[in-house]
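What follows is a set of notes on a single structure, which appears directly below.
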2 protein chains.
Amino acid sequence: MAPALDTTFAALADPTRRAILARLALGETTVMDLARPFDMSQPAISKHLKVLERAGLVSRGRDAQRRPVRLEAKPLAEANQWLESYRALWEARFDRLDALLQKLQADEGAPLPPKPGRGRKPKEQT
Amino acid sequence: MAPALDTTFAALADPTRRAILARLALGETTVMDLARPFDMSQPAISKHLKVLERAGLVSRGRDAQRRPVRLEAKPLAEANQWLESYRALWEARFDRLDALLQKLQADEGAPLPPKPGRGRKPKEQT
DNA sequence: CATCGACATAACCATACTGTTATATAACCA
DNA sequence: TGGTTATATAACAGTATGGTTATGTCGATG
């Protein structure tokens, strides 16, 4: 259920998808409405939506033949939390650096070697 | 110079790269030292470092035959800033929602249609 | 029922990503 | 000089990504 940071960040790495999220922040809307401002086919938008959905960043409803799209903020919050833990670094707050270092070592800091071997992306804890 | 959010988020979407950043938060270090905990060849790490470097997330020094890697926090701060603007959404702070909507419309909110045409990823303002 | 509108799916293409092994480069060291 | 260490680069392979066009599906509606 909780999509990893991998998926979230990957979804956010595309400007079209970020624009879609920005649009959705204004409120739930339809695929057609989302597609309109882009110079892109409708299926392309559907694909982007699927990516966002798999990342848990949007959810879909049902309204007759329409499939309203709604923003889901939770993964954003998680990504934010990850970034937040580095805040001390760009704020050069050395008093907070200790806390940061502790946290990083506990969290993702010194993980067991991700053993991708053949797989594409090493799984991490959810 | 300022790598777009595209590049930053893409760089963050990989767990190996996030682990590298976490390690670098503890301080500057060498490629070999970075590679050690991973079950991955040295060239693979070099490639990841190149991705991080292109994203402006790390910078390289020179110490004899060593190429020490240092974390650069600025892109993290920028990504954080982007996420931050959505904070109201996951905090359900409706008083902040107005500010959010204003900001989104000014920023990336309702962008001119990204016209990818043939190109891979529509460029956005730096 | 026939069709339209909104959307999803399929098949396809080009390019990018992530890993590999093998090899090159560059600085130090005996 | 010749070897070793640290890192980069090249060539290759498999999968993923982001777009396309064509077609399918489902619900509303004349």
Side-chain angles (χ1 to χ4, degrees), chain A residues 3-4 6-20 28-36 38-55 58-70 113-124, chain B residues 3-4 6-20 24 28-36 38-55 57-70 113-124:
Chain A
D6 279 35
T7 326
T8 305
F9 281 132
L12 295 181
D14 185 287
T16 302
R17 278 182 314 248
R18 285 199 307 279
I20 288 177
E28 183 170 309
T29 190
T30 72
V31 175
M32 275 316 194
D33 190 36
L34 283 172
R36 195 172 347 271
F38 298 99
D39 184 21
M40 208 178 287
S41 65
Q42 168 261 314
I45 300 295
S46 274
K47 279 187 170 189
H48 279 302
L49 287 176
K50 186 164 276 181
V51 172
L52 289 169
E53 195 174 10
R54 271 192 21 209
V58 307
S59 62
R60 322 288 311 262
R62 173 47 67 98
D63 166 27
Q65 62 254 170
R66 253 143 278 137
R67 225 56 176 282
V69 190
R70 194 187 350 159
K115 289 201 150 213
R118 289 278 75 250
R120 192 94 312 247
K121 291 183 175 182
K123 269 286 176 280
E124 50 187 4
Chain B
D6 279 34
T7 326
T8 306
F9 281 132
L12 295 181
D14 184 286
T16 302
R17 254 140 28 203
R18 286 198 307 281
I20 288 177
L24 287 177
E28 182 169 310
T29 190
T30 73
V31 175
M32 273 315 194
D33 189 37
L34 284 171
R36 196 174 341 273
F38 297 100
D39 185 21
M40 206 177 289
S41 65
Q42 167 262 314
I45 300 296
S46 274
K47 279 186 170 186
H48 279 301
L49 287 175
K50 187 166 273 179
V51 171
L52 289 169
E53 194 174 10
R54 271 192 21 210
L57 281 160
V58 306
S59 62
R60 322 289 311 263
R62 171 53 62 100
D63 165 29
Q65 65 252 172
R66 253 144 276 137
R67 229 82 146 214
V69 190
R70 193 186 354 160
K115 288 203 153 217
R118 290 275 79 248
R120 190 96 313 245
K121 290 184 175 181
K123 268 287 176 275
E124 49 185 4

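The model shown is predicted, which means the values in this text are computed figures rather than measured ones. First the proteins, then the strands, lettered A, B, ... as listed; each starts at 1.
- Considering only heavy atoms from C-beta on, A:V69 stays 4.5 Å or farther from A:E53 through its side chain.
- Here the options are A:V58, A:T8, A:T7, the test is side chain to side chain contact (heavy atoms under 4.5 Å, CB included), and the partner is A:L52; only A:V58 passes.
- Nearest nucleotide to the B:R60 side chain, out of C:dT18, D:dA8, C:dA27: D:dA8.
- Every residue two or more places apart in sequence or in another chain was checked for a salt bridge (charged side-chain N to carboxylate O under 4.0 Å, His left out) with A:R60, and none qualifies.
- As a whole-Å value, the separation of B:I45 CD1 from D:dA8 P is 11 Å.
- Spacing between atom CD1 of B:I20 and atom P of D:dT7 amounts to 13 Å, rounded to whole angstrom units.
- Side chain of A:T30, nearest nucleotide from C:dT21, C:dC7, D:dG19: C:dC7.
- A donor N or O paired with an acceptor N or O is found under 3.5 Å between the base of C:dA8 and the side-chain atoms of A:Q42.
- For the pair B:D63 CG and D:dT5 P, the computed distance is 17 Å after rounding to whole Å.
- Once rounded to the nearest 0.5 Å, the distance linking CG of A:L12 with CG of B:L12 reads 9.5 Å.
- Rounded to whole angstrom, the span from the NZ atom of B:K47 across to the P atom of D:dA6 amounts to 22 Å.
- Between A:K50 and the phosphate of C:dC7, there is no side-chain N or O to OP1/OP2 separation shorter than 4.0 Å.
- Mapping A:S41 and B:P68 onto DNA chain D via the closest heavy atom, the residue that lands nearer the 5' end is B:P68.
- Of the candidates D:dG18, C:dG19, D:dA8, the closest approach to any side-chain atom of B:T16 belongs to C:dG19.
- Looking at residues two or more places apart in sequence or on another chain, you find a salt bridge (charged side-chain N to carboxylate O under 4.0 Å, His left out) between B:E28 and B:R70.
- Of the candidates C:dG19, D:dA8, C:dC7, D:dA8 carries the atom nearest the B:P43 side chain, counting heavy atoms from C-beta on.
- Ranking C:dT9, D:dG19, C:dG19 by closeness to the A:H48 side chain, first place goes to D:dG19.
- At C:dC7, none of the side-chain N or O atoms of A:S46 fall inside 4.0 Å of OP1 or OP2 (strictly under the cut-off).
- Considering only residues two or more places apart in sequence or on other chains, B:T30 meets the side chain to side chain contact (heavy atoms under 4.5 Å, CB included) condition with B:M32, B:D33, B:R66.
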Close N or O pairs between protein and nucleotides 28-30 of chain D (under 3.5 Å):
unit_1: D:dA28; atom_1: O4'; unit_2: A:Q65; atom_2: NE2; d: 3.3

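- Looking at residues two or more places apart in sequence or on another chain, you find a side chain to side chain contact (heavy atoms under 4.5 Å, CB included) between B:A35 and B:I45.
- Closest contact between the side chain of B:R67 and the listed nucleotides D:dG19, C:dG19, D:dA8 involves D:dA8.
- Straight-line distance from the CZ atom of B:F38 to the P atom of C:dT20: 12 Å, rounded to whole Å.
- Taking B:R17 as the reference, B:H48 meet the side-chain hydrogen bond (donor to acceptor under 3.5 Å, both in side chains) condition, with sequence neighbours excluded.
- Among C:dA6, D:dG27, D:dT20, the nucleotide with an atom closest to any side-chain atom of A:M32 is C:dA6.
- For C:dA22, the paired nucleotide is D:dT9, the pair qualifying as Watson-Crick or G-U wobble because both relevant distances are below 3.5 Å.
- D:dT17 atom P lies 17 Å from atom CZ of B:F9, rounded to whole Å.
- Atom CZ of A:R17 and atom C1' of D:dA16 are 12 Å apart (whole Å).
- Atom CG in B:D33 sits roughly 15 Å away from atom C1' in D:dT5 (whole-Å rounding).
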